[in-house]
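Report on the structure given below.
The chain is numbered in sequence order, starting from 1. Atom set for the values below is all heavy atoms of this structure, side chains included, hydrogens, waters and symmetry mates excluded. Each ligand, and each atom within it, is numbered from 1 in the order the structure gives.
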Amino acid sequence: MSTIAESFEKVSSQIKEACDLAKRPVESVQLLAVSKTRSADEVREMAALGQQAFGENYLQESLDKIVATEDLSLEWHFIGPIQSNKTKPIAENFSWVHSVDRLKIAERLSAQRPYYADDLNICLQVNSSREESKSGCLPEDALALALKMSALPRVKLRGLMAIPEATDDLAKQHQQFREVRELFETIKAEIPEIDTLSMGMSDDLIPAVEEGATIVRIGTALFGPRNYNQ
Ligand SMILES: *Cc1c(COP(=O)(O)O)cnc(C)c1O
């Protein structure tokens with residue numbers, strides 16, 4: 001087996017293990033393969049294993065890759081910080097955007113989503129750990145923003161995305177994910193259609209799934225360490 005195939009098996013079995021621990025059906029968690037900095041050929045190799053959904057952070061790099069793999073009809077998710085003058089190509093080329101953190105971005109995506117495309121799935125990114133360096137709205141602003149976003153046409157609010165503070169402390173990982181899940185439940189009480197909790201990366205996917213993640217965003221554990229100098 002190639003390295004990518006081995007990693008794919010390993011990540012899939014970690015998701016299954018976490019679902020078993022949490023007594024959740026394995027279909028309740030979707031794997032998003034984060035392919036930033038990876039080549040179109042690496043995406044093809046992963047797609048050949050049955051992976052459909054890919055996540056990207058950098059717009060130009062992702063547009064090149066989307067064109068280069070057009071024949072595969074993959075599902076592309078934008079997960080990086082968004083400048084408001086870059087929303088149009090995102091609205092035109094992606095199925096999902098996880099990193100919507102202010103109303104202006106949601107409004108622009110709504111206005112710029114092409115009429116012929118399905119509604120764009122969006123998640124509100126929450127800065128759950130309140131780190132200065134991180135994108136995302138503050139937890140206390142999330143409900144009001146979600147209500148406004150859920151009323152926009154051509155975008156469909158699916159739920160929340162969060163990147164909690166990196167830590168090796170498993171108990172802290174659980175606690176941070178639990179807080180995001182509780183915020184999700186509070187918002188779901190007002191907007192029952194939301195169904196997505198995007199949280200968990202290579203180093204913390206098991207606690208994320210145990211605490212209720214429905215999409216885990218995995219790069220390094222699938223493709224190996226990133227090389228930004230290529
Ligand atoms: C890069 C990235 C990931 C993947 O991180 P890994 O640690 O490589 O799994 C997930 N989510 C976001 C928003 C990212 O930018």
Which atoms of ligand 1 are found less than 4.0 Å from any heavy atom of [X]?
X    : answer
N57  : 14 (C), 15 (O)
R217 : 4 (C), 9 (O), 10 (C), 11 (N), 12 (C), 13 (C)
I163 : 13 (C)
T220 : 6 (P), 7 (O), 8 (O), 9 (O)
I79  : 11 (N), 12 (C), 13 (C), 14 (C)

What is the nearest protein non-hydrogen atom to [atom], stated with its residue, atom name and distance?
atom                    : value
atom 14 (C) of ligand 1 : K36 NZ, 3.0 Å
atom 10 (C) of ligand 1 : M201 SD, 3.2 Å
atom 9 (O) of ligand 1  : S202 OG, 2.5 Å

Check: I218 N/O within less than 3.5 Å of ligand 1 N/O: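 Between I218 and ligand 1 (N or O atoms, distance only) the closest approach is not under 3.5 Å.
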Is the ring pair W96/H77 parallel, tilted or perpendicular, if the boundaries are 30 and 60 degrees?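 Rings of W96 and H77: parallel, under 30°.
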Do the side chains of Q112 and E92 get nearer than 4.5 Å, heavy atoms only?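 No, their side chains stay 4.5 Å or more apart.
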Minimal non-hydrogen separation, L124 against L157, with atom names: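 Heavy atoms only, the tightest pair is N-CD1, 4.1 Å.
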salt_bridge([X], [Y]) N-O dist < 4.0 Å:
X    : Y    : answer
R113 : D119 : no
E165 : K172 : yes
K65  : E56  : yes
R130 : E140 : yes

Taking the non-hydrogen atoms of R226, is any one of them nearer than 4.0 angstrom to ligand 1?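 Flag set, R226 near ligand 1.
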